[in-house]
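Structure first, commentary second.
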Protein chains: 2
Amino acid sequence: MNIKDAGLRVGLPPKTIRYYEDIGIVTPDRADNGYRDFSDAHLHKLAFLARARSLGFSIDDCRDLLALWEDQDRASGDVRAIAKEHLAAIETKIAGLQDMRATLADLVQSCAGDARPDCPIIDKLQRG
Amino acid sequence: MNIKDAGLRVGLPPKTIRYYEDIGIVTPDRADNGYRDFSDAHLHKLAFLARARSLGFSIDDCRDLLALWEDQDRASGDVRAIAKEHLAAIETKIAGLQDMRATLADLVQSCAGDARPDCPIIDKLQRG
DNA sequence: CTTTGACCTTCCCGTTACTGGAAGGTTTAT
DNA sequence: ATAAACCTTCCAGTAACGGGAAGGTCAAAG
């Protein structure tokens, strides 16, 4: 299967798939004309990647997950460790964003937002 | 004032301040020896930047905010518009991360995380 | 007076995970 | 025969810096 159809099948743009090949994550076969040729196994792997990425796993995480996926005898604890670490990172990020949101929401609410020049938002940014 | 002390004063690493000069946000004076020389006005501007960045405003947002800050007659509505848009972006990001967190938390909880090979996390990534 | 160490300068590369675009070859449909 | 729609590789750019090299400057200590 050519790259465009492969992309449609797994929900990734061709550019992204080429990139994944560049960095050594997938290695499709090549047809005689030089075109990439994706087998079912390749598509399966790409779909796995797409799902892991959509859950926010980094490419490096994905490498590890793929290795574990392909290892029939790995311990589920190894997989869980990666997921837990990622979960913790996400929670840290959420907390940071929630702090920002609270401060910003305060500022936005305190500002009249009309044609007059006095603006508590600027005041706050100015004076800390 | 030299760059390191300026950085200590406003809470930014020298590298970051040089970067801000590179992209045209601040333009400190230069001493005879070529060293950057930061005035109170420069420090004030850098502090403003640091605070806006810490609230997650992009550099481009900061450019706009700085222009408004320096315009005594700007309408507070213009400032508020930027802040509101940023607030909306943050809320979108939080929602996306919360989705991820929910899915991941489910996965992590469903996985025994022991030495056995069967792992619901991998299963889910595999089958969608 | 020299030396050491802490500054400072510019410049270039690396980061994340792609995306856009150019130049050119191949295949398919008209 | 030609045009559209693929495909290929390669190069460059994104956001916002950080690391590190090569070299100039300055203040204090010996």
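One atom, CE of B:Met1, and another, P of D:dC26, lie 18 Å apart when rounded to the nearest Å. Atom P of nucleotide D:dT14 and atom CD1 of B:Ile23 are separated by 12 Å, given to the nearest angstrom. Computed from coordinates, the B:Leu55 CG to D:dA16 C1' distance equals 17 Å when rounded to whole Å. When rounded to the nearest whole Å, the span between CZ of B:Phe57 and C1' of D:dA15 equals 17 Å. At whole-Å resolution of the value, CG in B:Asp32 and P in C:dC8 are 17 Å apart. Rounded to an integer number of Å, the gap from CG of B:Asp22 to C1' of D:dA15 is 14 Å. Atoms CG (A:Leu49) and P (C:dC18) sit 9 Å apart, rounded to a whole Å. One atom, CG of B:Asp60, and another, P of D:dC17, lie 12 Å apart when rounded to the nearest Å.
Within the structure, every side-chain polar atom (N or O) of B:Tyr19 is placed at least 4.0 Å from both OP1 and OP2 of D:dA15. For D:dA16, the OP1/OP2 oxygens have no side-chain nitrogen or oxygen of B:Thr16 closer than 4.0 Å.
Of the possible donor and acceptor atoms, none in the side chain of B:Arg74 sits under 3.5 Å from a partner among the backbone N and O of B:Asp78. Within the 3.5 Å criterion, the main-chain N or O of B:Cys111 finds a donor-acceptor partner in the side chain of A:Arg80.
Classification of B:Glu91 and B:Lys84 as a salt-bridged pair fails, no side-chain N sitting under 4.0 Å from a carboxylate O. A salt bridge between A:Glu70 and A:Arg63 is absent, with no side-chain N of the basic residue lying under 4.0 Å from a carboxylate O of the acidic one. Comment: B:Asp114 engages B:Arg116 in a salt bridge, judged by a side-chain N to carboxylate O separation of less than 4.0 angstrom.
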Problem set entry | Sequence-aligned protein contact record of nucleotides 2-9 of chain D, with B where the base is within under 4.0 Å of a protein heavy atom and S where only the sugar-phosphate is | ----BSBB

Enumerate, atom names and distances included, each donor-acceptor pair closer than 3.5 Å involving a side-chain atom of residues 4-17 of chain B, sequence neighbours excluded.
none

